[in-house]
Amino acid sequence: MKENELDILLEQYCRQEITPPPQLTKAVKLRLKTDPLPVALLPVSLFFNALVMLLSLVVFFDPALSIMQKFALYFAGSILFNSLMVLVLLKPERLNAFFRQLTLGMTENANLHGLTK
Amino acid sequence: MNEKDIIDRCRSGQNGMCDLLIERHKTALYSFCRKLEYRKADADDLFQDTWVKAVKNLHMYDGRARFLTWLFTICINLHRDRLRRHFRWSKILKSYHSGDQMETDMADLESKEKRPRETAAEDRRADRLKDALQGLKEKLRLPIILHYYREFSLREISGMLGIPAGTVKSRLSNGRKQLKKILEKDQ
């Protein structure tokens with residue numbers, strides 16, 4: 001094989017442009033909209049959960065409540081505060097993108113298992 | 001709109017600007033990913049991870065090099081991380097398993113290393129070259145791909161790979177020689 005023959009082969013192979021599939025580009029754009037979500041939420045989430053813990057301490061020492069009621073109050077408070085945090089802090093388009101990605105993932109899983117055919 | 005404007009607007013969070021940046025460079029980056037990774041699925045992952053990392057760290061792009069050069073540098077670093085992870089896993093498997101189990105697991109891993117053909121319709125010559133390129137060591141393969149793909153200068157390649165320009169030159173020449181040998185042996 002001559003030297004320039006190898007050069008031509010390499011040029012042909014390496015310069016071949018491949019367009020990414022549209023769903024891949026779409027997935028990248030979606031990831032960019034949803035990726036910063038957990039990092040930004042972490043400190044706020046810690047704060048809200050500490051608040052719930054503090055409130056639950058108050059409830060914990062209340063002799064009028066049974067242990068089950070204490071647990072129920074703790075879980076209800078935790079769910080309420082965390083949902084409130086998500087709703088208040090997240091921009092609507094981020095939330096929208098997050099749920100879109102969630103449903104996209106679920107559809108892909110369903111496709112993999114042949115459930116949507 | 002020029003590239004600098006798009007990057008500045010993307011940094012300031014203007015709607016749709018990052019999408020525009022992706023649209024401009026998606027083909028160049030994807031083609032590069034497909035050359036780095038033999039398997040399409042790996043190339044798809046690398047493409048996604050590169051964009052996510054690039055957009056998150058866009059404030060670190062100082063405009064001294066071309067945007068594409070900066071993007072390719074991120075892509076190369078992520079590719080190296082993936083290789084390192086893959087190598088670490090294969091080492092853990094080797095030390096953990098023994099006998100038949102190890103053979104099965106290693107066969108799975110090696111199938112990734114050998115990177116089997118995915119599209120039968122590919123041109124035979126291009127396929128042979130692709131296989132031969134995969135046979136090269138990573139340090140010889142990368143300069144060749146960068147040199148022939150976008151005609152990056154020796155200085156640009158040395159910046160991307162973090163090695164001196166003289167080393168890039170010698171690796172290019174050694175890589176070509178080895179590639180020639182592999183291709184001639186196959187004939």
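In what follows, chains carry the letters A, B, and so on, assigned in the order in which the sequence lines appear, proteins first and then strands, with residues in each chain numbered from 1. Heavy atoms only: backbone and side chains are in, while hydrogens, waters and symmetry mates are out.
- Grouping the Ile, Leu, Val, Met, Phe, Trp and Tyr side chains by contacts below 4.5 angstrom, directly or via other members, places A:Leu80 apart from A:Leu54.
- By number of non-hydrogen pairs under 4.5 angstrom with chain B, the leading residue of A:Thr19, A:Val28, A:Leu10 is A:Leu10.
- Interface residues of residues 142-158 of chain B toward chain A, defined by a heavy-atom distance below 4.5 Å and sorted by number: B:Ile144, B:Ile145, B:Tyr148, B:Tyr149, B:Arg150, B:Glu151.
- In terms of heavy atoms, A:Pro21 sits closest to B:Lys40 at CG-NZ, 4.2 Å.
- Minimum interatomic distance between B:Val52 and A:Leu32 (heavy atoms only, all atoms of both residues): CA-CD2, 3.7 Å.
- Both A:Phe71 and A:Met53 sit in one connected hydrophobic cluster of ILVMFWY residues. Membership requires side-chain heavy atoms under 4.5 Å apart, directly or through other members.
- Only the side chain of B:Leu133 has a heavy atom closer than 4.5 Å to any heavy atom of chain A.
- Distance check: A:Leu9 CG to B:Arg128 CZ gives 8.0 Å after rounding to the nearest 0.5 Å.
- In this structure, B:Ser31 contributes its side chain and A:Ile18 its backbone to a donor-acceptor pair below 3.5 Å.
- Looking at A:Gln12, neither its backbone nor its side chain comes within 4.5 Å of chain B, counting heavy atoms on both sides.
- Minimum heavy-atom separation, B:Lys35 to A:Tyr13: CE-O, 3.3 Å.
- Residues from residues 17-26 of chain B that place a non-hydrogen atom less than 4.5 Å from a non-hydrogen atom of chain A comprise B:Asp19, B:Ile22, B:Glu23, B:Lys26, given in numerical order.
- Under the 4.5 Å side-chain criterion, counting only non-hydrogen atoms from C-beta, B:Asp49 is in contact with A:Arg31.
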